[in-house]
Each structure stands twice: as structure tokens, then as C-alpha cells.
*Asks:* 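Before we start, here is the structure in question, set down as C-alpha cells.
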Amino acid sequence: MRSLALGLLLTFVGITAANAASCSSWKATCEKRGGGADCQVKFDQCMATGTFTEGAKFGGATHSGVTKK
């Protein structure tokens, strides 16, 4: 029972850490992928909303709870 609780806790911490990326780190990722001027638009939206949506070419996933920095 304790190992199950520990496993669930570690999974939750891992998910939280993945969602804790910053707007600037997502912008850098976008730029590395060749997103061009679209990266600045996504960055500005991220700073306003705390969410970052990847381009359709990379799955179009929306990441919420992103640190505004």
C-alpha cells in the first residue's frame, strides 16, 4: 500500500514538473523547431494566459500552468 501511494506521488510530481515549464523556455523550443515569427505570437499569448500551444506540426498540444517568465 505504501509503495502504491509513493508511486502515485512520484507520478504526480513528474506531471507537475512537466507542466511547470516557462513561457520563455517554450519560446526557445519553438524557435529551435523553426517556428519563426509565430513563436513571438505564442510567447505573447503564453504571457497573457499561462498556456502554450505547440504548432500543429508537433502535435498541437496545449500546455497549461506554464510559468509566466
Side-chain angles (χ1 to χ4, degrees):
M1 182 70 168
R2 292 178 78 189
S3 62
L4 176 62
L6 179 60
L8 290 173
L9 175 63
L10 292 175
T11 299
F12 176 77
V13 169
I15 291 169
T16 302
N19 288 338
S22 67
C23 294
S24 57
S25 69
W26 274 113
K27 182 180 182 224
T29 298
C30 180
E31 290 169 345
K32 286 178 189 173
R33 292 175 173 175
D38 192 39
C39 298
Q40 184 62 47
V41 172
K42 291 176 179 282
F43 175 76
D44 293 341
Q45 291 173 341
C46 183
M47 291 297 287
T49 65
T51 61
F52 190 93
T53 302
E54 295 181 77
K57 184 177 177 181
F58 296 97
T62 298
H63 305 274
S64 57
V66 179
T67 303
K68 297 179 184 180
K69 64 175 186 172

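Note that these values count all heavy atoms, side chains included, but never hydrogens, waters or copies made by symmetry. What you are looking at is a predicted structure, and each value in this text was computed from that prediction instead of being measured.
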*Asks:* What are the two closest heavy atoms between Lys42 and Cys30, and how far apart are they?
*Replies:*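 Closest approach of Lys42 to Cys30, heavy atoms only: CD-SG, 4.4 Å.
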
*Asks:* Do Lys27 and Gln40 have side-chain heavy atoms sitting under 4.5 Å apart?
*Replies:*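 In short, these two side chains touch, coming nearer than 4.5 Å.
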
*Asks:* Would you give the length of the straight line joining atom NE2 of His63 to atom OG of Ser25, rounded to the nearest 0.5 angstrom?
*Replies:*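 Here the rounded value is 10.0 Å.
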
*Asks:* Going from CZ on Phe52 to OG1 on Thr29, what distance comes out if it is rounded to the nearest 0.5 angstrom?
*Replies:*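 Rounded to the nearest 0.5 Å, the CZ-OG1 separation comes to 7.5 Å.
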
*Asks:* Could you tell me the separation between the OG atom of Ser24 and the CZ atom of Phe43, rounded to the nearest 0.5 Å?
*Replies:*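 Going from OG on Ser24 over to CZ on Phe43, the span is 6.0 Å.
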
*Asks:* May I have the list of side-chain donor-acceptor pairs in residues 32-39 shorter than 3.5 Å, sequence neighbours left out?
*Replies:*
from: Arg33; atom 1: NH1; to: Glu54; atom 2: OE1; distance (Å): 2.6
from: Arg33; atom 1: NH2; to: Glu54; atom 2: OE1; distance (Å): 3.2

*Asks:* Would the distance check show the side chain of Thr49 and the main-chain N or O of Gln45 forming a donor-acceptor pair, the cut-off being under 3.5 Å?
*Replies:*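 Between the backbone of Gln45 and the side chain of Thr49 there is a qualifying donor-acceptor contact (under 3.5 Å).
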
*Asks:* Is any side-chain heavy atom of Cys46 closer than 4.5 Å to one of Trp26?
*Replies:*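 In short, these two side chains do not touch, never coming nearer than 4.5 Å.
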
*Asks:* For the residue pair Thr62 and Thr53, confirm or rule out a side-chain donor-acceptor distance under 3.5 Å.
*Replies:*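 Yes, a side-chain donor-acceptor pair sits under 3.5 Å.
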
